[in-house]
Each structure stands twice: as structure tokens, then as C-alpha cells.
Amino acid sequence: MNAATVRHILDTLAGMFPDAHCELNHSNAFELTIAVLLSAQCTDATVNKVTVDLFQKYRTPQDYLNVPLEELEQDIRRIGLYRSKAKHIQNLCRILIEQYGGDVPGEHDLLVQLPGVGRKTANVVVSNAFGVPAFAVDTHVERVSKRLGLANWKDNVLEVERKLMKRVPRDEWTLSHHRFIFFGRYHCKAQNPACQICPLLDICREGKKRMKTSLLIKEKPAKPRASRAKGKQSNTTT
């Protein structure tokens with residue numbers, strides 16, 4: 001893919017979602033880290049419903065350690081994999097207190113060493129909380145990148161991230177990440193993408209395939225219906 005096509009994609013997404021942003025509610029780096037950890041295999045909307053009360057009850061790493069694990073589990077019970085996530089949160093908080101004075105480190109290499117924090121979570125935290133350019137790849141970013149040809153179908157998440165970082169200007173990584181998510185979440189959905197009104201249809205492999213399939217279905221002639229009257233005996237009496 002040439003630079004002009006990449007620029008066209010970025011400019012189109014910018015026009016569609018100029019105000020794209022992180023939709024996980026948070027007020028500091030610590031809350032964002034907890035929120036992103038909870039968001040694994042869970043929607044941002046569900047996480048936000050849980051953290052409304054969670055962030056009122058737990059304001060510091062020590063607060064999470066002051067309650068039994070079972071109590072924290074109940075507080076995040078609506079979140080998928082809540083038991084393992086509760087353990088990760090308490091272990092993460094313990095490390096923050098013991099090694100970082102209760103603060104979340106701003107370095108990617110240090111973040112990925114924390115319990116429950118993977119590469120995607122670390123990218124989201126450094127970019128949104130510390131202003132360090134990063135391109136976090138979630139399911140939306142991965143899907144959109146592959147459909148638009150920015151990555152190959154068989155690329156893993158790390159390969160997708162590397163290709164995006166190579167093709168997108170560094171100072172646009174964070175904002176492009178949010179726009180890719182908005183585009184995938186609200187327009188180029190996994191099951192029912194809005195291909196028929198998509199401004200990027202001309203370069204989208206998935207969109208062209210779907211539209212072609214849809215056209216073939218519409219043009220396929222209907223099978224003639226068998227006549228109900230065939231073989232029907234008259235009930236008329238003489």
C-alpha cells in the first residue's frame with residue numbers, strides 16, 4: 001500500500017470521527033490502568049457501568065488491598081473473567097506500592113511487567129495518560145486494518161501494530177488508534193458493516209466482497225412456485 005492511500009484512509013477517518021477519544025471513563029493513570037485491565041473481553045460500556053462505583057470506593061492502590069479478594073470480586077462481578085481480574089488488580093496494586101511508590105510507571109517496558117497488563121493495555125496507558133505516541137491494537141483496530149489492506153489477513157496483533165506504526169506518522173498514532181476504534185465500533189462492525197455507505201469501499205477488500213455477494217443474491221432469479229391448484233379436485237357438485 002502506498003503512502004497516498006494511507007493518507008486517504010487517515011484523512012477519511014479524521015473526517016468521519018474528528019472527536020474520537022478513549023471511551024473508558026477515568027481521571028488519572030491509575031484508574032485508566034484498572035479500566036483497561038477490566039476491558040479485556042468486555043465492552044467499554046460495561047466497564048464504565050462498573051467503574052462508576054468502583055472508582056468511588058477504591059481511589060488508591062492501597063484501597064484495593066484493604067479488602068478481601070472476595071469483596072473485590074463481587075464489586076466487579078458484572079465484568080467477564082472477574083475472578084482472575086480481581087487477583088490481577090490486587091497483585092498489580094501490591095507491586096505499585098512496593099516498587100513504584102503507589103504510582104503507575106509511564107514506561108511501556110515497565111507496564112507490561114505488571115499483572116494483567118499486556119501490550120495493548122500498556123500502549124493505551126502510555127498514550128492516553130502520559131502522552132507517549134502508541135498504536136494500541138484491539139479487535140476493532142485489527143479488523144479495520146486487515147479489511148482496508150493495511151495488514152495481511154494472517155498477521156497477528158504484533159504484526160498489525162508494527163505495520164501501522166510504520167505506515168502512520170508517529171505523531172498521529174494515538175489519535176489514529178481512537179479513530180480506527182470508532183470506525184470499527186460504529187461503522188465497520190464485525191457482523192454488519194455499513195459497506196453500502198462507506199467512503200472507503202473502493203479500497204476495502206471485505207467491503208467489495210460483501211457488496212458483490214449482496215448483488216448476486218439480489219440478481220438471483222426466484223424459483224417458480226408450484227401451483228397449489230395442480231391436482232386439486234373440484235368440490236363442485238352437480
Side-chain angles (χ1 to χ4, degrees), residues 20-130 134-144 156-158 160-161 174 177-178 180-182 184-186 189-192:
H21 59 279
C22 177
E23 293 191 295
L24 288 171
N25 295 332
H26 65 282
S27 59
N28 54 55
F30 177 58
E31 289 185 353
L32 179 59
T33 303
I34 298 298
V36 182
L37 187 157
L38 292 174
S39 71
Q41 299 184 39
C42 183
T43 66
D44 287 0
T46 299
V47 173
N48 287 337
K49 290 178 182 178
V50 170
T51 56
V52 167
D53 296 324
L54 192 73
F55 291 163
Q56 289 295 319
K57 180 176 180 179
Y58 305 98
R59 296 180 179 275
T60 69
Q62 187 61 53
D63 291 338
Y64 285 95
L65 297 177
N66 288 340
V67 300
L69 178 61
E70 294 74 18
E71 182 174 342
L72 178 55
E73 289 177 351
Q74 291 305 309
D75 290 335
I76 63 171
R77 190 180 181 87
R78 286 181 288 174
I79 300 288
L81 306 174
Y82 69 93
R83 285 195 173 91
S84 62
K85 290 178 181 179
K87 291 180 182 179
H88 286 324
I89 289 173
Q90 287 199 334
N91 290 332
L92 179 149
C93 289
R94 189 171 292 107
I95 292 175
L96 291 183
I97 292 172
E98 295 175 352
Q99 299 183 22
Y100 302 105
D103 296 325
V104 174
E107 293 77 24
H108 189 279
D109 292 344
L110 298 178
L111 282 167
V112 293
Q113 297 178 30
L114 297 173
V117 177
R119 187 174 184 83
K120 184 200 78 172
T121 300
N123 280 337
V124 172
V125 173
V126 296
S127 60
N128 289 279
F130 298 102
F135 213 125
V137 178
D138 68 352
T139 56
H140 298 297
V141 174
E142 181 179 7
R143 180 175 68 256
V144 168
N156 59 37
V157 175
L158 182 56
V160 172
E161 179 185 331
T174 300
H177 152 75
H178 293 311
F180 272 60
I181 289 179
F182 270 53
R185 181 175 290 161
Y186 303 113
K189 299 179 181 180
Q191 299 301 324
N192 296 299

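Positions are given from 1, in the same order as the sequence printed here.
- Here OG1 of Thr33 is found 10.5 Å from CG of Asn128. Values are rounded to the nearest 0.5 Å.
- Here SG of Cys42 is found 11.5 Å from CG of Leu37. Values are rounded to the nearest 0.5 Å.
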Inset, instruction - Check step by step if side chain to side chain contact (heavy atoms under 4.5 Å, CB included) holds for Tyr82 and Leu38. - result: CA-CA 8 Å; Tyr82 69 93; Leu38 292 174; over 6 Å; no
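- Residues Val117 and Ala122 share a closest heavy-atom pair of CG1-N, 4.0 Å.
- Residues forming a side-chain contact (heavy atoms from CB on, under 4.5 Å) with Thr43 (at least two apart in sequence, or on another chain): Ala45, Thr46.
- For the residue pair His177 / Asp138, no side-chain donor-acceptor distance below 3.5 Å is found, with atom types taken as modelled.
- Residues Leu72 and Ala86 approach most closely at CD2-O, 3.6 Å, considering heavy atoms.
- To the nearest 0.5 Å, atom NZ of residue Lys57 and atom OH of residue Tyr64 are 10.0 Å apart.
- Considering only residues two or more places apart in sequence or on other chains, Asn25 meets the side-chain contact (heavy atoms from CB on, under 4.5 Å) condition with Asn48.
- Distance CG/Leu65 to CD/Gln62: 5.0 Å, rounded to 0.5 Å.
- Pairs of residues two or more places apart, or lying in two chains, never qualify as salt bridge (charged side-chain N to carboxylate O under 4.0 Å, His left out) while including a residue from residues 83-93.
- Listed by chain and residue number, Ile76, Arg78, Ile79 satisfy the side-chain contact (heavy atoms from CB on, under 4.5 Å) test with Val50 (two or more places apart in sequence, or in another chain).
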Pair up each side-chain donor or acceptor in residues 93-116 with any protein partner under 3.5 Å, not counting sequence neighbours, and list the distances.
{"from": "Arg94", "atom 1": "NH1", "to": "Asn91", "atom 2": "OD1", "distance (Å)": "3.1"}
{"from": "His108", "atom 1": "NE2", "to": "Asn123", "atom 2": "OD1", "distance (Å)": "3.0"}
{"from": "Gln113", "atom 1": "NE2", "to": "Asp109", "atom 2": "O", "distance (Å)": "3.1"}

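- Applying the side-chain contact (heavy atoms from CB on, under 4.5 Å) criterion to Asp63, with sequence neighbours excluded, gives Tyr58, Arg59, Thr60, Asn66.
- Residues Glu142 and Lys120 are not paired through a salt bridge, judged by the lack of any N-O separation under 4.0 Å between the basic side chain and the carboxylate.
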Inset, instruction - Go through Asp53 and Asp75 one step at a time and tell me if the side chain to side chain contact (heavy atoms under 4.5 Å, CB included) criterion holds. - result: CA-CA 8 Å; Asp53 296 324; Asp75 290 335; over 6 Å; no
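- The distance from the OG atom of Ser39 to the CD1 atom of Ile34 is 11.5 Å, given to the nearest 0.5 Å.
- Pairing each heavy atom of Lys189 with each of Arg143, the nearest pair is C-NE, 3.7 Å.
- The heavy-atom pair separating Val52 from Gln56 by the smallest distance is O-CG, 3.3 Å.
- Once rounded to the nearest 0.5 Å, the distance linking CG of Asp44 with SG of Cys22 reads 7.0 Å.
- Taking the six-membered ring wherever Trp is involved, the centroid distance between the rings of Phe55 and Phe30 does not fall below 6.0 Å.
- In this structure, Arg185 contributes its side chain and His140 its backbone to no donor-acceptor pair below 3.5 Å.
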